[in-house]
Amino acid sequence: MTPEPQSGNPRPRVFRIIEDEAIVNRLGFNNNGLQQFEASLRETLESPLSSLIGVNIGANQFSAKDDAIEDYVRGLEAFYSLADYIVINISSPNTKGLRDFQLKGEFENLLRVIMNKRHTLALKYDGRKTPISIKVAPDLEERHLRALVGVAIQYEIDAITATNSTVMRPSGLTHKNYDQIGGLSGKPLAPLSNRMIKNISEITQGSIPIIGVGGISNADDAWQKFLVGADLVQLCSALVYRGPTVVKEIVVGLADRAKKYDAANFSSAVKLAREQQKRTGPYI
Ligand SMILES: Cc1cc2nc3c(=O)[nH]c(=O)nc-3n(C[C@H](O)[C@H](O)[C@H](O)COP(=O)(O)O)c2cc1C
């Protein structure tokens with residue numbers, strides 16, 4: 001979501017690579033703007049829902065740097081009392097300058113404003129603390145990642161979502177659509193995303209929950225995310241290739257894997273599985 005409606009980049013802007021279950025997209029946050037989405041979200045919430053709602057917020061394409069920070073604030077204000085959690089997207093490759101917010105100084109400027117606003121909103125909404133996650137790119141250099149995580153810990157961010165799509169093209173990918181400009185997602189993203197999750201988990205020592213995303217298309221992929229350090233998982237491209245039933249398949253598959261550890265709950269099974277992996281070899 002961006003505060004103002006925008007049409008995004010010219011079409012074509014989404015490219016499938018069916019053989020690899022991959023996608024390259026350069027949509028550029030095409031959306032109807034905050035006001036319309038807020039109204040439709042309120043309507044949706046009139047009927048009871050069993051699922052969580054996360055709202056992912058970004059900046060408008062033509063917002064200057066300072067205005068971009070204000071764009072995030074507007075998103076936060078609009079959805080603070082409606083969403084179960086809010087994701088600050090500073091990693092889309094399709095909005096110029098957006099990813100610079102991942103660099104230490106800019107990240108700190110942004111996060112200071114966001115967390116101050118969160119404090120004000122918590123007072124406004126009877127102490128409600130809507131969790132805020134920061135979504136990072138798989139392409140961030142290790143030193144920038146370390147700096148970002150340091151700031152995230154300092155400002156007590158609630159979660160890190162890792163990762164967005166990549167501007168890299170892992171070697172061995174030959175289809176012509178890989179040459180398209182945009183973010184690559186789906187199966188070929190999994191190793192990059194997993195490496196990032198593992199790094200974040202090591203830097204934070206597990207102190208910030210990680211939402212693992214990137215190339216999950218079955219229960220094995222999802223389980224692997226938990227093994228490298230994710231606390232929750234998400235997927236996007238697999239919905240395109242496998243349809244919505246993929247979610248149920250993964251949930252059932254994960255439960256099966258967890259059962260083998262005879263643990264009290266899923267998190268305990270993951271912990272045991274991670275310990276076992278440590279003894280038997282590297283995660284990835
Ligand atoms: C068509 C498309 C649109 C996306 N739009 C957004 C977006 O608006 N905000 C965002 O944070 N990520 C966006 N993403 C990235 C996904 O949320 C996800 O981080 C990425 O695709 C990796 O997961 P996957 O391999 O399961 O698709 C988009 C991905 C695709 C394929």
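In this chain, numbering begins with 1 at the start of the sequence shown. First listed ligand is number 1; within each ligand, the first listed atom is number 1.
For atom 12 (N) of ligand 1, the closest non-hydrogen atom on the protein side is K135 NZ, 3.0 Å. Closest to atom 15 (C) of ligand 1 among all protein heavy atoms lies N164 OD1, 3.4 Å.
Residue G215 places a heavy atom less than 4.0 Å from ligand 1. For the ligand labelled ligand 1, residue S92 lies outside the 4.0 Å heavy-atom shell.
Residue contacts with ligand 1 for T163 involve N, CA, C or O but no side-chain atom from C-beta outward (heavy atoms, distance under 4.0 Å).
Using a cutoff of 4.0 Å between basic side-chain nitrogens and carboxylate oxygens, D179 and R169 are not scored as salt-bridged.
Ligand 1 places these atoms under 4.0 Å from at least one heavy atom of S237: 24 (P), 25 (O), 26 (O), 27 (O). Contact atoms of ligand 1 toward L27: 1 (C), 3 (C) (distance under 4.0 Å to a heavy atom of the residue). Interface of N89 with ligand 1, defined as ligand atoms under 4.0 Å from a residue heavy atom, comprises 9 (N), 10 (C), 11 (O).
Annotation: cation-pi geometry satisfied between K65 and F101 (NZ/CZ under 6.0 angstrom from ring centroid, within 45° of ring axis).
When only interatomic distances are considered, the shortest N/O to N/O separation between Q234 and ligand 1 does not fall below 3.5 Å.
Inter-residue side-chain proximity for I250 and I216 is flagged as met; some heavy-atom pair is nearer than 4.5 Å.
Residues satisfying the side chain to side chain contact (heavy atoms under 4.5 Å, CB included) test with Q205, not counting sequence neighbours, are none. Residues that satisfy the side chain to side chain contact (heavy atoms under 4.5 Å, CB included) test with A59, not counting sequence neighbours, are A68, D71, Y72, L98.
If you check the side chains of T130 and R128, you find a donor sitting under 3.5 Å from an acceptor.
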